[in-house]
Amino acid sequence: MSLFQHLEPYAGDPILGLNEAFQRDPRPDKVNLSIGIYFDEEGRIPVLEAVRRAEARMLDEGGAKPYLPIAGLPAARRAVQGLLFGDGHAAVASGRVVTLQTVGSSGGLKVGADFLHRWLPGSEVWVSDPTWDNHRAMFEGAGIPVHAYPYYDAAGGGLRFDAMLEALSALPPRSIVLLHACCHNPTGVDPSREQWQRLVPVLRERELLPYLDLAYQGYGDGIDEDAYAVRLLADAGLSFFVASSFSKSMSVYGERAGALSVVCSDAAEAALVDGQLQATVRRNYSSPPIHAGGIVAHVLGDPALRALWRSEVDAMRDRIRGMRRALHERVGARLPGHDLGYLLSQRGMFSYTGLSPAQVDRMREQFGVYLVRSGRMCVAGLNAGNVDRTADAMAAVLADEGPGPDGR
């Protein structure tokens, strides 16, 4: 008896599949600008010194490895709250904030989606156009309908803020609005502080529920600067969700170190939310990984390690910025007069290049330079050894087809 012949074939994840194709490519000068991982100047995933020292301490401490509590390691959860909201924030001090250690920020997003599907029935989700593909998949997988609001300005390479504001102003009450707190994936285009401030009254007056994704804290302007939206919404007294990650900022991708924080109206409501979030986790993965919690607790809980970590994040951010400038300069020299200003104005790991799928295919097939077919480039994959080849490939496809920022 066959039970599963009716299954649809899985096409695979387009980004992970592209990374696998890169690994199979025999060309020695190939360039991987597809997957969202930070690589150092030698093209390696770095082991941060702060993390190495934290893990050495954990090894010396030894001891048993029991299951963590459903909500995760208490020291890690406290440290996450301080990192997101700042030490002594009123929302935390008053007990309005619930924080769970999760299996990466993806785990936080999924737990939050399952929770909202059960406890806010009828609410639907709006995500930016475009957004990270898995945002839509996670909420739809939880049974929540997903829609898009205007975001990226293809003609100018910036933000369609007025259209975004108009769309959010027309949403039904209790709609869930997925917002990237910084370093938007895939475009690298973020609202300014003034624009964030203009969003707050719309979110409040329309009774919308913001759901912030903060996967790249520290890669935009700095650890505290990149938490601006989180702290602004908390200061405004809004209720909202934040899924956060340490994959990039601590370079611990496979440890699945993440968190989910929920800011509630008061401590009594926070206690209810805490209980039902834990019930959601228990029905899912039961408890988070002990090693990930230990890394976060040690790095953020020790002043010396925290200062070292912040300096290492600063260095990673500065290197990414340097690669943006280098690519802008090199492509500009090959194509005088072509507007590549987006490389400098966009922030974080990613840039939306405006390259069409056909141009991206040509860069991969002819030059061995791998980008996602949407035109998203992981700038963190550039280094002094491959930036010229990347510039050659970009200049060649742009010169032949001459697109503007929208890829036409």
Side-chain angles (χ1 to χ4, degrees), residues 32-54 79-80 82-84 86 104-105 132 159 180-193 196 212-231 242 244-253 257-259 295-296 299-300 304-330 340-353 376-387 390:
N32 191 358
L33 306 178
S34 60
I35 194 166
I37 291 178
Y38 176 88
F39 296 98
D40 63 18
E41 185 60 27
E42 284 70 46
R44 299 175 299 203
I45 299 175
V47 178
L48 301 193
E49 181 62 19
V51 172
R52 190 194 66 77
R53 294 183 189 180
V80 168
L83 189 71
L84 294 180
S105 61
W132 180 47
L159 177 64
H180 300 236
C182 73
C183 305
H184 185 274
N185 179 9
T187 70
V189 175
D190 291 337
S192 66
R193 290 194 171 191
W196 276 111
L212 303 186
D213 188 352
L214 182 53
Y216 307 98
Q217 187 175 2
Y219 277 21
D221 293 318
I223 295 293
D224 293 316
E225 293 83 351
D226 290 350
Y228 176 78
V230 176
R231 298 174 189 184
V242 188
S244 55
S245 170
F246 296 96
S247 293
K248 278 75 176 178
S249 65
M250 290 189 182
S251 193
V252 290
Y253 302 90
I295 292 172
V296 172
V299 171
L300 298 184
L305 287 185
R306 182 166 176 158
L308 175 60
W309 169 68
R310 290 176 73 108
S311 70
E312 291 183 289
V313 174
D314 290 345
M316 291 191 288
R317 180 179 67 254
D318 289 344
R319 200 191 78 77
I320 293 173
R321 286 178 172 175
M323 286 299 100
R324 286 185 178 278
R325 292 192 295 269
L327 185 61
H328 178 267
E329 174 186 324
R330 284 162 171 78
L340 298 168
Y342 65 84
L343 285 170
L344 303 180
S345 62
Q346 295 170 4
R347 306 190 313 152
M349 293 182 67
F350 303 116
S351 271
Y352 228 40
T353 61
R376 188 196 80 172
M377 171 190 294
C378 181
V379 184
L382 291 170
N383 57 52
N386 64 28
V387 67
T390 302

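Source: prediction; values computed, not measured.
- Inter-residue side-chain proximity for H180 and T187 is flagged as unmet; no heavy-atom pair is nearer than 4.5 Å.
- The closest donor-acceptor contact from the side chain of E41 to the backbone of A384 lies under 3.5 Å.
- Of the possible donor and acceptor atoms, one in the side chain of D190 sits under 3.5 Å from a partner among the backbone N and O of H184.
- Closest approach of S105 to S244, counting heavy atoms only: CB-O, 3.4 Å.
- Q346 has its side chain out of reach of V379: every pair of non-hydrogen atoms, C-beta onward, lies at least 4.5 Å apart.
- Here CZ of R44 is found 11.0 Å from CG of N383. Values are rounded to the nearest 0.5 Å.
- At distances below 3.5 Å, at least one donor-acceptor pair connects side-chain atoms of R324 with backbone N or O atoms of L343.
- The side-chain heavy atoms of R325 and H328, taken from C-beta on, include no pair separated by under 4.5 Å.
- A side-chain donor-acceptor contact under 3.5 Å links Q217 to the backbone of I223.
- When side chains are defined from C-beta on, L340 does not count as touching R330, because their heavy atoms never get closer than 4.5 Å.
- Put simply, CG on L382 and CZ on F39 are 11.5 Å apart, with the number rounded to the nearest 0.5 Å.
- Side-chain N or O atoms of R231 include one that pairs as donor or acceptor with a backbone N or O of L84 at under 3.5 Å.
- Not one N or O on the side chain of Y352 forms a donor-acceptor pair closer than 3.5 Å with the backbone of G188.
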Stepwise side chain to side chain contact (heavy atoms under 4.5 Å, CB included) test for W309 and L305: CA-CA 6 Å; W309 169 68; L305 287 185; over 6 Å; no
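- Minimum heavy-atom separation, R347 to G220: NH1-C, 3.9 Å.
- The heavy-atom pair separating V296 from A257 by the smallest distance is CG2-CB, 4.2 Å.
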Checking side chain to side chain contact (heavy atoms under 4.5 Å, CB included) for the pair I320/R317: CA distance, chi angles, key distance, verdict? CA-CA 5 Å; I320 293 173; R317 180 179 67 254; 5.8 Å; no
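- Taking all atoms of both residues into account, the shortest heavy-atom contact from G381 to N386 is O-ND2, 3.1 Å.
- The closest donor-acceptor contact from the side chain of S251 to the backbone of P46 lies under 3.5 Å.
- Looking at every heavy atom in both residues, W132 comes nearest to P186 through N-CD, 4.2 Å.
- With hydrogens and angles ignored, the 3.5 Å screen pairs a side-chain donor or acceptor of R319 with a backbone N or O of A380.
- Annotation for D226 and L214: closest pair O-CD1, 3.9 Å, computed over non-hydrogen atoms.
- Taking CG of L83 as the reference point, atom OG of S249 lies at 7.5 Å (rounded to 0.5 Å).
- To the nearest 0.5 Å, atoms OH (Y219) and SG (C182) are separated by 11.0 Å.
- Interatomic distance, CZ of R376 versus CG of L33, reported as 10.5 Å (0.5 Å rounding).
- To the nearest 0.5 Å, atoms CG (N32) and CD1 (I37) are separated by 8.0 Å.
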